[in-house]
There are 2 protein chains.
Amino acid sequence: MADDSDSSRSNAHGEIMRATYRALRDHGYANLTIKRIAEEYGKSTAAVHYHYDTKDELLAAFLDYLLGRFKDTVHEVEIIDPERRLDSLLDQLLIEPNDHRDLLIAMLEMRSQAPYREAFGERFRGSDAYVRYILRTVIEQGVAAGAFDDVDVDHAARALMTVVVGAQTRDAVLNDDESDAFETARRLADEYVSAVLIDDDSGAN
Amino acid sequence: MADDSDSSRSNAHGEIMRATYRALRDHGYANLTIKRIAEEYGKSTAAVHYHYDTKDELLAAFLDYLLGRFKDTVHEVEIIDPERRLDSLLDQLLIEPNDHRDLLIAMLEMRSQAPYREAFGERFRGSDAYVRYILRTVIEQGVAAGAFDDVDVDHAARALMTVVVGAQTRDAVLNDDESDAFETARRLADEYVSAVLIDDDSGAN
DNA sequence: CCTACCGATCGGTAGG
DNA sequence: CCTACCGATCGGTAGG
């Protein structure tokens, strides 16, 4: 309660999460070992096991940490105009990652483990549902305000979610110079909004 | 040259590919070992190493095998009408997998390794380019025939590719009872085709 | 192709 | 939290 500005005191869990992140980023999930995490942590493997009994437990906690960070990038926006608000939200979800591409790669690796680890699957389902909820809310406001047509809001949210996940996967996999993944997806999302959510009866172009 | 109908003779490579597929499906990429592949193969680990010197070499060959199978599901269709032809192609890419969901899960796992293994990355880039080529060809025919507007064909192909990959990833990750992934994606693709590729000037509904 | 084996590395623990 | 160690398993190889 005194000071957590330095946070170099007993913030072991946070340090281990960050160490796990670096180890995952540098070596990949398939080569993510307690030893490598411990090296990044700067202490022994026993020190890691002191805070997390098993590797499974550590990984589940790490996924919570990772998805929490992702959720933070999807913050509610302070814009009232529904159309611009959705636009801003899509920007956050689909603008070139640059800085946090490593995070997306790490997330893809853990995603691919979901079919084998129920602890992962349930967390990703929760994350998917959360982002869809944010999208639904924004779209519903737009429909209520008359900015969008009276579309199937739940479907529209799932559709945009598909675009987001498609961009994330393609970007991580096709990681050459100018990966088109997010650029394409952002443009696709725009087309979807202006051609499907807004079916402009008031004038055909 | 005599008979390959029985194919139980010296088809070791094919057998090992199928054994690898089963081992990957049952244990996941992170737990894919030569020993497990050998068990599925029905012979010793040395027998596997006899045909593939290293695990890396085996995995690269397996990815070729896997992507080849995927390409086979994207066969050219014998329909002339461009609109119905694109529709049929999207069906093949986006209809509920059911039978080959295991294949998609396996592919997602290997996708997630692309950032760490250049041999994987280049193969996935090739596969992405191939499917985009097929999509572009069909859309170009539609534009030429006047069925579609004069859209940016390359972008349209990339956009639909994003939808396909998004559906594949979401389906594998959100693997609960009625995963909406492919249903949502198929509907999204339809909306994209009828609202963006066909901007019906001839009458605003 | 097999048996038998190699050194290396894994997750985890005992004892302090 | 550390040192030291455990049994288990890994990819790969020798010798046949």
Side-chain angles (χ1 to χ4, degrees), chain A residues 6-65 106 109-110 112-113 116-120, chain B residues 4 6-63 65 106 109-110 112-113 116-120:
Chain A
D6 198 20
S7 78
S8 63
R9 201 158 31 101
S10 68
N11 197 4
H13 288 273
E15 282 178 37
I16 293 176
M17 291 298 98
R18 285 187 288 276
T20 304
Y21 177 65
R22 290 192 298 273
L24 183 56
R25 178 232 292 153
D26 294 342
H27 305 285
Y29 179 88
N31 297 311
L32 182 63
T33 65
I34 298 284
K35 188 179 181 227
R36 278 197 245 259
I37 294 170
E39 279 165 6
E40 292 290 343
Y41 182 34
K43 304 193 174 170
S44 70
T45 62
V48 176
H49 274 112
Y50 176 78
H51 291 98
Y52 297 93
D53 282 348
T54 64
K55 192 184 178 187
D56 278 23
E57 188 185 315
L58 190 158
L59 289 179
F62 176 71
L63 189 48
D64 285 331
Y65 166 78
E109 293 195 84
M110 302 197 77
S112 77
Q113 295 307 305
Y116 306 97
R117 290 177 175 268
E118 181 48 27
F120 286 14
Chain B
D4 55 344
D6 198 19
S7 76
S8 63
R9 201 158 32 100
S10 67
N11 197 4
H13 288 273
E15 282 178 38
I16 293 176
M17 291 297 98
R18 286 186 289 276
T20 303
Y21 177 65
R22 289 193 299 272
L24 183 56
R25 179 232 291 154
D26 295 341
H27 305 285
Y29 179 88
N31 297 310
L32 182 64
T33 64
I34 299 284
K35 187 177 180 230
R36 279 197 245 260
I37 294 170
E39 279 166 7
E40 292 289 344
Y41 183 33
K43 305 193 173 169
S44 69
T45 61
V48 175
H49 274 111
Y50 176 78
H51 290 97
Y52 297 94
D53 282 348
T54 65
K55 192 185 178 186
D56 278 23
E57 188 184 316
L58 190 157
L59 289 179
F62 176 72
L63 188 50
Y65 166 78
E109 293 196 84
M110 302 197 77
S112 76
Q113 295 308 305
Y116 306 97
R117 290 177 174 269
E118 181 48 28
F120 286 14

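In what follows, every chain begins at residue 1, and chains take the letters A, B, ... in the order their sequences are listed. Computed from a predicted structure; not experimentally measured.
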- Task: Check whether any side-chain heavy atom of Asp26(A) sits under 4.5 Å from a side-chain heavy atom of Arg36(A), and report yes or no.
- Result: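 No. Closest side-chain heavy atoms not under 4.5 Å.
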
- Who pairs with dT3(D) - Watson-Crick or G-U, where each distance is under 3.5 Å: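 For dT3(D), the partner nucleotide comes out as dA14(C), under the 3.5 Å rule.
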
Acceptor/donor pairs from residues 37-44 of chain A side chains to any protein atom, 3.5 angstrom cut, sequence neighbours excluded:
residue: Glu40(A); atom: OE1; partner: Arg22(A); partner atom: NE; Å: 2.9
residue: Ser44(A); atom: OG; partner: Ala46(A); partner atom: N; Å: 3.4
residue: Ser44(A); atom: OG; partner: Ala47(A); partner atom: N; Å: 3.2

- Task: Kindly say whether the aromatic ring centers of His27(B) and Tyr116(A) come within a distance under 6.0 Å.
- Result: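 Between His27(B) and Tyr116(A), the centre distance exceeds or equals 6.0 Å.
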
- Once each nucleotide of nucleotides 9-16 of chain C is scored for protein heavy atoms under 4.0 Å, what B/S/- sequence comes out, 5' to 3'? -SSBB---

- Nearest whole angstrom, please: distance from the P of dC1(D) to the CD1 of Ile37(A).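 Result: 15 Å.
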
- Item | Residue pair Tyr52(B), Ile34(B): steps toward the side-chain contact (heavy atoms from CB on, under 4.5 Å) verdict | CA-CA 10 Å; Tyr52(B) 297 94; Ile34(B) 299 284; over 6 Å; no

- Task: Can you measure from CZ (Arg117(B)) to CG (Leu59(B)) and round to the nearest 0.5 angstrom?
- Result: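 It is 5.5 Å, given to the nearest 0.5 Å.
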
- Query: Is Tyr50(A) near enough to dC2(D) that one of its side-chain N or O atoms lies under 4.0 angstrom from OP1 or OP2?
  - Reply: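 No.
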
